Number of protein chains: 2
Amino acid sequence: MARKQGSHADITGPKVRDAALRLFARHGFAAVSMRQIAAEVGVQAGALYLYTSDKQALLFELMRDHMEELLADWQAPDAPPTDQLEDFVRHHIRFHLGRPELVFIAYMELRNLTPENFAVIEGLRRDYEDRLEAILRAGQQSGVFAVPDTKLATMALIAMLTGVTTWYREGGRLNRAAVEGIYWDMVRKAVAA
Amino acid sequence: MARKQGSHADITGPKVRDAALRLFARHGFAAVSMRQIAAEVGVQAGALYLYTSDKQALLFELMRDHMEELLADWQAPDAPPTDQLEDFVRHHIRFHLGRPELVFIAYMELRNLTPENFAVIEGLRRDYEDRLEAILRAGQQSGVFAVPDTKLATMALIAMLTGVTTWYREGGRLNRAAVEGIYWDMVRKAVAA
DNA sequence: GTCTATATTGTGATAGAC
DNA sequence: GTCTATCACAATATAGAC
């Protein structure tokens, strides 16, 4: 099987992305070289530049696509605040447990973005936080939640929920559904009136 | 004032540590060069090796000292579980808000430790988690807490509390005492029976 | 589309003058 | 104790052959 000839743009492109994702998550953006990515894909370093303009674009596109998928994947249901919150919590855990490497990168590699790219990702993060805060504010106003500061509660809950990716292991003591349920139980009590 | 002569080991040593702390926190361990650290201190790159055996030791000692200080700085008071938990929560927030750069490094740079160094830090982290879990178990047994899974609750609470360093800014809308109080309120409710 | 080769710069670490 | 100079190598990115 020839490896030096023929067109593979539609195959190699995604493979470059995947290799970068895996390596960035494991060793960190700054610690990974283009040569390592190329070796993982099975091409020479120079060939990577057919699929990305540079290393920074590789990181940025990974993070941007991740955040856009997170935002596109969940819309607040037309329901009371408590039900909206449960839906948000369960979706957040499910989504994050499904792509631990992207979650890790999206949080750890913010400081390796150029200022312009950072501003874009920061905006997307803000959009996501605002959705949770809107739920908390609605519940606060209708009296089902007692949250002294909705912004602080938003940050606290997102940190708590996202942290699940740091310890959860597939095939461990608890399955995903059980984890979802336990987290929801803690969140529900924490914000309850 | 001569810069090339004289003994400054007791001054330059800590300055190297401080510069490494600041730069690692801002740009990440892998992205910082020994030359950058030397420039920040005001010496030549070669002179750094009088104060550290290598770059890895710089990172490891920063993290180890931080974790050991965290463990030395708090002992569970002889009190009911609810009071112990409040003491833990308030101390955790106070300690972490006091050294945001070390907290950041201790969490983000785990993967840049050699396997041997990683094992040491991981052990210290485990010791700290065990203290919180012991409180939750005691409260669970005496019936004042209702926690379906003490290990999961431990990880969830630590993630929530440590997350305070990602958004808290000195001189902002809330002062440290107010933040402590709000977090404690959420934790108290989240684990309450 | 991928290769080899290369330009240019930067890296961690060490040796030896002062 | 700090300097300058240097080693040996790795980095990103590009050019041009095939």
Side-chain angles (χ1 to χ4, degrees), chain A residues 1-24 26-62 109 111-117, chain B residues 1-24 26-63 105 109 111-117:
Chain A
M1 177 167 143
R3 284 173 69 210
K4 306 173 70 171
Q5 297 288 38
S7 173
H8 301 292
D10 47 345
I11 297 176
T12 309
K15 276 174 75 178
V16 170
R17 239 186 93 97
D18 276 13
L21 166 64
R22 231 182 351 265
L23 290 170
F24 290 168
R26 183 137 57 219
H27 307 292
F29 174 77
V32 172
S33 70
M34 295 298 268
R35 280 174 178 76
Q36 279 177 273
I37 298 171
E40 185 91 353
V41 174
V43 299
Q44 293 295 316
L48 293 180
Y49 293 87
L50 293 168
Y51 309 101
T52 184
S53 59
D54 55 18
K55 198 185 169 193
Q56 169 72 204
L58 224 37
L59 175 62
F60 172 62
E61 282 160 25
L62 237 29
E109 304 297 354
R111 63 191 163 178
N112 284 309
L113 292 170
T114 61
E116 306 77 39
N117 288 343
Chain B
M1 178 169 141
R3 284 173 69 207
K4 306 175 69 171
Q5 296 288 37
S7 172
H8 301 293
D10 46 346
I11 297 177
T12 310
K15 276 174 75 178
V16 170
R17 236 187 95 98
D18 276 14
L21 166 64
R22 232 181 352 264
L23 289 170
F24 289 168
R26 185 137 56 221
H27 307 291
F29 174 77
V32 172
S33 71
M34 295 299 270
R35 281 171 177 78
Q36 280 177 271
I37 298 171
E40 185 92 352
V41 173
V43 299
Q44 293 295 319
L48 293 180
Y49 292 88
L50 294 168
Y51 309 100
T52 184
S53 59
D54 56 17
K55 198 184 169 192
Q56 170 73 206
L58 225 37
L59 176 63
F60 173 63
E61 283 159 25
L62 238 30
M63 292 175 73
I105 291 173
E109 303 297 354
R111 63 187 163 181
N112 284 309
L113 292 170
T114 62
E116 306 77 38
N117 289 343

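Computed over heavy atoms, backbone and side chain alike; hydrogens, waters and symmetry mates excluded. We name chains A, B, ... by the order of the sequence lines, and we start the count at 1 in each one. Predicted model only: the values in this text are computed from it and were never measured.
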Partner residues of [X] under the side-chain hydrogen bond (donor to acceptor under 3.5 Å, both in side chains) criterion, sequence neighbours left out:
{"X": "R26(A)", "answer": "none"}
{"X": "E61(B)", "answer": "none"}
{"X": "N112(B)", "answer": "E109(B)"}

- prompt: Once you round it to whole Å, what is the distance between P of dA15(D) and CD of Q44(A)?
  reply: 18 Å
message: Would you say that L58(A) contacts F29(A) through its side chain, given a criterion of any heavy-atom pair below 4.5 Å between the two side chains?
response: no
- prompt: What does nucleotides 10-17 of chain C look like as a protein-contact string, B for base, S for sugar-phosphate only, - for none, at under 4.0 angstrom between heavy atoms?
  reply: -BBBB---
May I have the list of side-chain donor-acceptor pairs in residues 39-47 of chain A shorter than 3.5 Å, sequence neighbours left out?
{"unit_1": "E40(A)", "atom_1": "OE2", "unit_2": "R22(A)", "atom_2": "NE", "d": "3.1"}
{"unit_1": "E40(A)", "atom_1": "OE2", "unit_2": "R22(A)", "atom_2": "NH2", "d": "3.2"}

